Undergrad: 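Here's a structure for you.
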There are 2 protein chains.
Amino acid sequence: MFSKTTEYALRAAIYIAQEGSENNKISIVAIAKAIDSPQSFTAKILQLLTRDSKVISSVPGPNGGFYMTEAAKQLPVYSILVATGEDITLNKCVLGLDKCSESKPCPMHPRYKSIKKQLLQLFETETIGKLATDAKLGSVFIKN
Amino acid sequence: MFSKTTEYALRAAIYIAQEGSENNKISIVAIAKAIDSPQSFTAKILQLLTRDSKVISSVPGPNGGFYMTEAAKQLPVYSILVATGEDITLNKCVLGLDKCSESKPCPMHPRYKSIKKQLLQLFETETIGKLATDAKLGSVFIKN
DNA sequence: TTTTCAACAGATAAAATTATCCGTATAAAG
DNA sequence: CTTTATACGGATAATTTTATCTGTTGAAAA
């Protein structure tokens, strides 16, 4: 459904929200290990979420690493999708038409409409922190 | 949502179902023009739907081209997704975990579950012919 | 102040996807 | 039978996505 970039971004954010805090920062090495992702590539992706967007915080040097503020943990999953540019993909038409709309729909449009609405609602409603809490409770996993 | 390959495959199949029949075959030139897609690439994709899968029929030579039998028009949209390898994507986990399942779910799994069910149902229920009929009536479009 | 540890930034590389080109095979038309 | 129009197949190229590497910067610890 999403690009690798977005998948790693989501998993990393969930893990950071789960284990990290301002006085317990997580290194990229630990993150890549925890979510089973390519380390360098994941580092690049985290730059999108720190520098560009402000979903994740980071500090270099000894005892440095990544963490999320309590406020950031309340952000919707959708904010990650925006940071990786996936919100555009999500809003696209099933048949790939640029100008598919209510007034000029593709054949799938009326049938897909309500599903797309549910998808957007899901990502806008669900917070990163909520997913992280679930993962911490041990009922769900972010690694194979 | 889908790859370009799948998008072109869907649009092409809908157009062929709409305009083509055993005694009115459509050339690749006409198809690419009608759905506004790169011609050579679309030709390659149609090979997946003719040689490999049997969703679309073809005949070379003068008055040759592509068409769909009435039986093939009754096939679900899902059969196109299978031909382009997209069914795998559709069955993938939101976070990209290979082994996300009911017994070892990712944090998105329980929340995405019902949406995924609707998506699969949509593609399994809807037929290529139905979409083509709608397009022929002029209420929906397969080109920008 | 110096050392050390970790993120940052830019360059580069590998792989997958998207796209084109051209000669060949095939079937119908003349 | 020859010509012609079309799909077929393989090779190749361009672009995008995924991934790695290396040196630099910044902040804390020593």
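Every chain is numbered from 1, with letters handed out A, B, ... down the list of sequences. None of these values were measured; they are calculated from a predicted model.
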Undergrad: Is there a donor-acceptor contact under 3.5 Å linking the side chains of Ser58(A) and Thr50(A)?
TA: no

Undergrad: Please report the distance, rounded to the nearest Å, between CG in Asn63(A) and P in dA6(C).
TA: 8 Å

Undergrad: Give a yes or no answer on whether the side chain of Glu86(B) reaches the backbone of Ser3(B) with a donor-acceptor pair at less than 3.5 Å.
TA: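 Flag set: sc Glu86(B) to bb Ser3(B) pair under 3.5 Å.
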
Undergrad: From CG of Leu46(B) over to P of dG9(D), roughly how many Å is that when rounded to an integer?
TA: 13 Å

Undergrad: How would you label the contact of Ile56(B) with the nucleic acid (heavy atoms, under 4.0 Å): base, sugar-phosphate, or nothing?
TA: nothing

Undergrad: For Asp52(A) and dA9(C), what is the distance between atoms CG and P respectively, to the nearest whole Å?
TA: 11 Å

Undergrad: Could you state the atom-to-atom distance from NZ of Lys4(B) to P of dT20(C) in whole Å?
TA: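 The answer, rounded to whole Å, is 12 Å.
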
Undergrad: How do Pro60(A) and Lys44(A) order along DNA chain C: which one's closest nucleotide is nearer the 5' end?
TA: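 On the 5' side of the pair lies Pro60(A).
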
Undergrad: Let me spell it out: for each of Ser3(A) and Pro62(A), pick the nucleotide of DNA chain D with the closest heavy atom. Which residue's pick is nearer the 5' end?
TA: Ser3(A)

Undergrad: Would you classify Ser40(B) as touching base, sugar-phosphate or nothing, given that sugar-phosphate means primed atoms plus P, OP1 and OP2, and contacts are heavy atoms under 4.0 Å?
TA: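 Counting heavy atoms under 4.0 Å across all strands, the contact made by Ser40(B) includes a base.
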
Undergrad: Atom CD1 of Ile28(A) to atom P of dC5(C): distance rounded to whole Å?
TA: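 The distance from CD1 of Ile28(A) to P of dC5(C) comes to 18 Å, rounded to the nearest Å.
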
Undergrad: Roughly, in whole Å, what's the span from CD1 in Ile88(A) to P in dT17(D)?
TA: 11 Å

Undergrad: So, Thr84(B) versus Thr6(B): side-chain donor-acceptor pair below 3.5 Å or not?
TA: yes

Undergrad: Between Tyr8(A) and dA19(D), is there a side-chain N or O to OP1/OP2 distance below 4.0 Å?
TA: yes

Undergrad: So, do Tyr8(A) and Pro38(A) sit near enough that their side-chain heavy atoms are less than 4.5 Å apart?
TA: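 With C-beta onward as the side chain, the pair touches.
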
Undergrad: Does Phe2(A) or Lys25(A) map to a spot on DNA chain D nearer the 5' end, using the closest nucleotide for each?
TA: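 On the 5' side of the pair lies Phe2(A).
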
Undergrad: Measure from CD1 on Ile45(B) to C1' on dC8(D) and round the result to the nearest Å.
TA: 15 Å

Undergrad: According to a strict under-4.0 Å criterion, is Arg51(B) in side-chain N/O contact with OP1 or OP2 of dG9(D)?
TA: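 Yes, because at least one side-chain N or O of Arg51(B) sits under 4.0 Å from OP1 or OP2 of dG9(D).
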
Undergrad: Using a 4.5 Å cut-off on heavy atoms from C-beta on, say whether the side chain of Thr127(B) contacts that of Lys73(B).
TA: no

Undergrad: Grab the CZ-C1' distance between Phe66(B) and dT6(D) for me, whole Å please.
TA: 9 Å

Undergrad: OP1 or OP2 of dT18(D) less than 4.0 angstrom from a side-chain nitrogen or oxygen of Thr5(A), does that happen here?
TA: yes

Undergrad: Counting only side-chain nitrogens and oxygens, does Gln39(B) get under 4.0 Å of the OP1 or OP2 atom of dA19(C)?
TA: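 No, outside the criterion.
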
Undergrad: Any side-chain N or O of Ser58(A) under 4.0 Å from OP1/OP2 of dC8(C)?
TA: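 Result: yes.
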
Undergrad: Any idea which of dA7(C), dA19(D), dC8(D) is nearest the Thr50(B) side chain?
TA: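 The listed nucleotide nearest to Thr50(B)'s side chain is dC8(D).
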
Undergrad: Do Gln47(A) and dA7(C) share a donor-acceptor pair, side chain to base, under 3.5 Å?
TA: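 In this structure, the two groups form no donor-acceptor pair.
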
